[in-house]
Amino acid sequence: MANTILTPTAVTREALRVLHQKLNFIGTINRQYDDSFAKDGAKIGDSLKIRLPNQYTYRRGAVIQTQDTAESSTTLQVASQGGVDMNFTSAELTMSLDDFSTRIIEPAVAVIAANMEYDAILMYRDVYQAVWNSGSALTRAHVGAGRAILQDALTPPTKRTMNLSTQMHQDLLDNSSGLFNNQTEIGRQYLEGSVGKFGGFDVMENSLWPTNTRGAANASYVCNTSTGITSGSASITLSGGSGSSAVGDVFTIDGVFKVHPETKQSTGVLQQFVVVTAGTTTQVVSPTPVTSGATQNVTIVSPGASKTVIFLGTASGTDNTGLLYHKDAFTFATADLIMPKGVDMAAREVMDGISMRLVRQYDINNDAMPCRLDVLYGYKTIRPQLACRLHNN
């Protein structure tokens, strides 16, 4: 049977199918494909505002205490463009789709997928909740501690994922192989090396997780919680130590406790802060400490000078990285790229929230047929309280 010349639409759809199979992290978070980015004559630019849940305070007693509804939002910017460039010959375009996919599409799309995935994975540095165990292998007890953190943050019980580096996945596999599990999951462990479902999480392994290098801040830093913390300000002032923090470092301050998201009562657990802007005496952090009102997230007990500051992990140390998260902790979106006119072939397709464009043109100067696959995307941490980092080695 004669081969049929492949159309640009068929090529683009096949590329999206292959891409979809390779997106391990992006495939488990909130993916927003918004055609507002591409409406002719009414484009919204490269930014999309995402509304966050409203928060209120509780009234005790019969007397009404009205409060304003202060809606908040975060901005998702879709501004990262990337792709792979190649040449298609006429002979290649007459191959069967399966052959074409194996020889041409899969190697090209694997590069696109890996780089998109890696960009999105780096959002773990936005997460301030962490279970940090430098020098030890990941165990089910560590996962349980992370799960407890998510429970206290009122994370919905469904659509939870545990995404681990290859070493951490192997450590968890080794440490859970003797536990009771159903026959199907045991089979997956032995045949595929996969943990499967564990502690309410869908467990995934991803080779793209980077190791995390902690900053050089030493253990001598302290904080005057009377003057060094201002409600509503993301800047926290420290003193007494040496060495700079790094973006993504996590620390706690003695006497600064997180509160229950709804009752605003102290949980008795120290609030964890993540460094957003590296520094020494001034640390710009997330979450922004708020001590009262509907958005209160901390309470400061016995404020005063010389409160101990603990940076999690080892100064300048390197640890493996993994993440526990709910789907809505992060979002990823693609936008439609414009379709050029007067080219040899062009197509744009969308599959499961991912938009991809293919364009081919004849190069008369070199007698070649260059082709490009492009994606335009953005990613954002929208609810970091629905995620928890795991660091082990």
Tell me yes or no: between the side chains of H391 and R389, is some donor less than 3.5 Å from an acceptor?
-> yes
Pairing residues for E349 by the salt bridge (charged side-chain N to carboxylate O under 4.0 Å, His left out) criterion, not counting sequence neighbours = R13
When Ile, Leu, Val, Met, Phe, Trp and Tyr are grouped by side-chain heavy atoms lying under 4.5 Å apart, directly or through other members, which residues fall in the same group as V256?
-> Y221, I229, I236, L238, F251, I253, F273, V275, V285, V298, I300, V309, F311
By side chain to side chain donor-acceptor pair (under 3.5 Å) - contacts of N320 (at least two apart) = none
Do T161 and D202 get their side chains close enough for a donor-acceptor pair, meaning under 3.5 Å?
-> no
So, D249 side chain and A246 main chain: donor-acceptor pair closer than 3.5 Å or not?
-> yes
Examine distances only and state if a side-chain atom of N297 and a backbone atom of T288 form a donor-acceptor pair shorter than 3.5 Å.
-> yes
Does the pair R357/D374 count as a salt bridge with the N-to-O cut at 4.0 Å?
-> yes
Are I382 and L386 co-members of a hydrophobic cluster defined by side-chain heavy atoms under 4.5 Å apart?
-> no
Would you kindly say whether E117 and N24 are connected by a side-chain donor-acceptor distance under 3.5 Å?
-> no
Tracing side-chain contacts under 4.5 Å among Ile, Leu, Val, Met, Phe, Trp and Tyr outward from V274 reaches Y128, W132, V250, L312
Verify whether one side chain among D171 and N392 offers a donor that lies under 3.5 Å from an acceptor in the other.
-> no
Q129 (side chain) donor-acceptor with A387 (main chain) under 3.5 angstrom = yes
Under the side chain to side chain contact (heavy atoms under 4.5 Å, CB included) rule, what do N224 and T227 come out as? Steps first, then yes or no, please.
-> CA-CA 6 Å; N224 185 330; T227 60; 3.4 Å; yes
D126 meets the salt bridge (charged side-chain N to carboxylate O under 4.0 Å, His left out) criterion, sequence neighbours left out, with none
Does one side chain, of N212 or D319, offer a donor that lies under 3.5 Å from an acceptor on the other?
-> no
Ring centers of F25, Y379 separated by less than 6.0 Å | no
Residues joined to V301 in its hydrophobic cluster, side chain to side chain under 4.5 Å directly or through other members, sorted by chain and number, are F257, L270
Are V276 and I121 grouped together when hydrophobic residues (ILVMFWY) are joined by side-chain heavy atoms under 4.5 angstrom apart?
-> no
Donor-acceptor pair, K264 side chain versus T295 backbone, under 3.5 Å?
-> no
Is there a side chain to side chain contact (heavy atoms under 4.5 Å, CB included) between M356 and L19 once you walk through the steps?
-> CA-CA 10 Å; M356 178 180 287; L19 180 68; 3.7 Å; yes
Heavy atoms, side chains only, cut-off 4.5 Å: are Q385 and L154 in contact?
-> no
